[in-house]
Undergrad: 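Handing you a structure now.
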There are 2 protein chains.
Amino acid sequence: MNNVHLYLLNEIDMGTAERKAREKKELKDLILAAAKKLFIAKGIEQTKIRNIADEINYSVGTVYVYFKDKNAILHDLHSLGFKQLGSEMRVLFAVEDPMERLKALGRVYINFALNNPDMYDLMFTLKAPLQFLDEVKNDQWNEGKATFGVLVQTVEDCIGRGHFKDHKLEPLSYAIWSTVHGLVSLQISERTKGACIMQPETIVTEAYEEFVKILMR
Amino acid sequence: MNNVHLYLLNEIDMGTAERKAREKKELKDLILAAAKKLFIAKGIEQTKIRNIADEINYSVGTVYVYFKDKNAILHDLHSLGFKQLGSEMRVLFAVEDPMERLKALGRVYINFALNNPDMYDLMFTLKAPLQFLDEVKNDQWNEGKATFGVLVQTVEDCIGRGHFKDHKLEPLSYAIWSTVHGLVSLQISERTKGACIMQPETIVTEAYEEFVKILMR
DNA sequence: TGCATAAATGAACAATGTTCATTTATATTT
DNA sequence: AAATATAAATGAACATTGTTCATTTATGCA
């Protein structure tokens, strides 16, 4: 047992450890991908852990080796959603005029929500992903904070250019967020179907146009 | 078997039938009251049919004699919620100035939601009460339609007094509904906790003030 | 009092999230 | 290369809960 021996052993150890870590991550990602696929196809409630296991040809128990419980899966997917929405939003920092950027932010947000309604529910409505935070991590909802930050930054830029005089930054930002969230969440929870006279397919974008008119006047 | 006999029999029949109908309604209301109490105390998901049965000292089966399934209970409670919210809103028709009425409608709506968060979820977020509609009744969501109607009527009155020039009635009304819905639903789904710097307790009312400022300018 | 109808019951079932003792595969040591 | 130790995967079994239905109990009527 000389130094060289030990050195080689450690090298090998490191190599296999890395590979194992990579394989673990790959299987975890596989589970997440299957979960997302099934959520989108059949809805979140209708997707059972057994379905996810079947989808990737693993046993139920394996899912629980990689995730504490269903909430943990939901939380990870919720984080993936924020990664996508966040990057779509941050692209808009390329828009110089903050008022134009603000308008575009709303459009991006609305499109994301209507194109990914289950993801949106996970990110902004369901309690499950936040329950995971309560149980396992600290209270900070970093994903939401970062995304809201993009909006606040943009509103601040607007104020810097002389808009929204006599308005408080954060309450105003929260009101704007609420409007677009309300637009899409009423649509996603199907509260526009039986209640409106006009076609529900266009009400969200039409209403956003009215909101923008009011905001910009 | 003479006519008088038949007449008396029918009289009695009618009386007992009425009493039975009343008793049936009373037990149904009892179940609903127990369900509401438990929902508020422990949350909707955490309230089991067995809990409701225990609460009123009846067996599980009895609940299913009076309600098709849990969705039916949720739908009836959702309707009760709309009765309350609707009457609170219609009181405001006493306010002559439609712009003042509009402001007050928002305050009433927000207060209702924050004081009855579980009811609000039932009325505007959860799918369950609407699933009952899909299964049993026609598609019309009459409760929502009537309540939205109060808002539309008020916005129409505002337009009649020269406000909101160049705005479409229903899209604008939907945008306003969306804002207050967004304000309260983000709060109820606890998306303000980890994301905002300021105290989440006051953010809803502060943001509503900002929205009103923008709307009325 | 006996009968018919309605109401209430609760044991049993099905679905589903979760656990854990056991088995299988992989890595390490001799 | 074989033995051993460690890690991963397994699926049967459990707990919870919505739901059903054959049976029992109560009520109204002849």
Side-chain angles (χ1 to χ4, degrees), chain A residues 1-2 5-28 30-31 35 38-39 42-75 127-128 131-132 135, chain B residues 1-2 5-28 30-31 35 38-39 42-75 128 131-132 135-136:
Chain A
M1 205 157 48
N2 54 37
H5 191 191
L6 272 173
Y7 176 76
L8 286 171
L9 276 179
N10 286 342
E11 275 296 283
I12 292 163
D13 269 343
M14 284 311 195
T16 58
E18 272 173 33
R19 177 174 52 76
K20 281 199 158 189
R22 194 188 61 236
E23 283 172 353
K24 275 189 84 162
K25 188 186 178 309
E26 280 171 0
L27 185 43
K28 194 165 189 177
L30 190 66
I31 295 171
L38 293 174
F39 285 175
K42 327 193 319 176
I44 289 168
E45 286 181 10
Q46 288 313 307
T47 299
K48 321 300 176 185
I49 303 289
R50 282 165 177 79
N51 301 145
I52 298 173
D54 288 350
E55 176 76 18
I56 59 177
N57 294 313
Y58 276 87
S59 71
V60 202
T62 302
V63 176
Y64 282 89
V65 171
Y66 289 82
F67 292 93
K68 180 181 162 289
D69 54 20
K70 198 175 182 182
N71 284 351
I73 300 178
L74 295 178
H75 177 264
K127 314 258 189 200
Q131 278 168 357
F132 178 80
E135 291 164 10
Chain B
M1 203 155 51
N2 54 37
H5 191 191
L6 274 173
Y7 176 76
L8 286 173
L9 277 178
N10 287 341
E11 274 298 281
I12 292 163
D13 268 343
M14 282 312 194
T16 57
E18 273 174 33
R19 177 174 53 75
K20 280 200 159 188
R22 193 187 63 236
E23 283 171 354
K24 275 189 85 161
K25 188 186 178 309
E26 279 171 0
L27 183 44
K28 195 165 189 177
L30 189 65
I31 294 171
L38 292 174
F39 284 175
K42 327 193 318 173
I44 289 169
E45 287 181 8
Q46 288 313 308
T47 299
K48 319 302 175 186
I49 304 290
R50 282 163 177 80
N51 301 145
I52 298 172
D54 288 350
E55 176 76 18
I56 59 176
N57 295 314
Y58 276 87
S59 71
V60 201
T62 302
V63 176
Y64 282 90
V65 172
Y66 288 83
F67 292 94
K68 179 182 162 290
D69 54 19
K70 198 175 182 183
N71 284 350
I73 299 177
L74 295 178
H75 176 264
Q131 278 168 359
F132 179 79
E135 291 164 11
V136 178

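A note on names: the letters A, B, ... follow the listed sequences, proteins ahead of strands, and every chain is numbered from 1.
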Undergrad: Between atom CG in L38(A) and atom P in dT16(C), what is the gap in whole Å?
TA: 13 Å
Undergrad: Please report, rounded to the nearest Å, how far the C1' atom of dT16(D) is from the CD atom of Q46(B).
TA: 11 Å
Undergrad: Can you name the closest pair of heavy atoms from N71(A) and F132(A) and give their distance?
TA: O-CB, 3.9 Å
Undergrad: Under 4.0 Å from OP1 or OP2 of dT20(D): is there any side-chain N or O of Y64(B) that close?
TA: no
Undergrad: Would you kindly give the NZ-to-P distance between K70(B) and dT19(D), to the nearest whole Å?
TA: 8 Å
Undergrad: To the nearest angstrom, how far is Q131(A) atom CD from dG17(C) atom C1'?
TA: 14 Å
Undergrad: Could you state the CD1-C1' distance from I73(B) to dT17(D), rounded to the nearest angstrom?
TA: 13 Å
Undergrad: As a test of understanding, state which of H75(B), E135(B), Q131(B) forms a side-chain contact (heavy atoms from CB on, under 4.5 Å) with D69(B).
TA: E135(B)
Undergrad: Is atom NZ of K24(A) surrounded by more than 12 heavy atoms (other residues, nucleotides or ligands) closer than 6.0 Å?
TA: no
Undergrad: Do other residues, nucleotides or ligands put more than 12 heavy atoms under 6.0 Å from K42(B) NZ?
TA: yes
Undergrad: Contact between L27(A) and T62(A) at the side-chain level, heavy atoms closer than 4.5 Å - yes or no?
TA: yes
Undergrad: Please report the closest heavy-atom contact between I73(A) and F67(A), naming both atoms and the distance.
TA: CG1-CG, 3.5 Å
Undergrad: dT16(D) C1' sits how many Å from E45(B) CD, rounded?
TA: 14 Å
Undergrad: Between E18(A) and R22(A) (salt bridge meaning N to carboxylate O under 4.0 Å), is one present in this structure?
TA: no
Undergrad: Mind checking the NZ-CD1 spacing from K70(A) to I44(A)? Nearest 0.5 Å is all I need.
TA: 8.0 Å
Undergrad: Could you state the CZ-P distance from F67(A) to dG17(C), rounded to the nearest angstrom?
TA: 15 Å
Undergrad: Distance check needed: dG17(C) P versus K68(A) NZ, whole Å only.
TA: 15 Å
Undergrad: Anything under 3.5 Å between a protein N or O and an N or O of nucleotides 8-10 of chain D, put it in a table, one pair a line.
TA:
| unit_1 | atom_1 | unit_2 | atom_2 | d |
| --- | --- | --- | --- | --- |
| dA9(D) | OP2 | Y66(A) | OH | 2.6 |
| dT10(D) | OP2 | S59(A) | N | 3.0 |
| dT10(D) | OP2 | S59(A) | OG | 3.3 |
| dT10(D) | OP2 | T62(A) | OG1 | 2.6 |
| dT10(D) | O5' | S59(A) | OG | 3.3 |

Undergrad: What are the residues of residues 48-55 of chain A, sorted by number, that bring a heavy atom to within less than 4.0 Å of DNA chain D?
TA: R50(A)
Undergrad: Whether E45(B) and K127(A) form a salt bridge (side-chain N of Lys/Arg under 4.0 Å from carboxylate O of Asp/Glu) is what I want to check.
TA: no
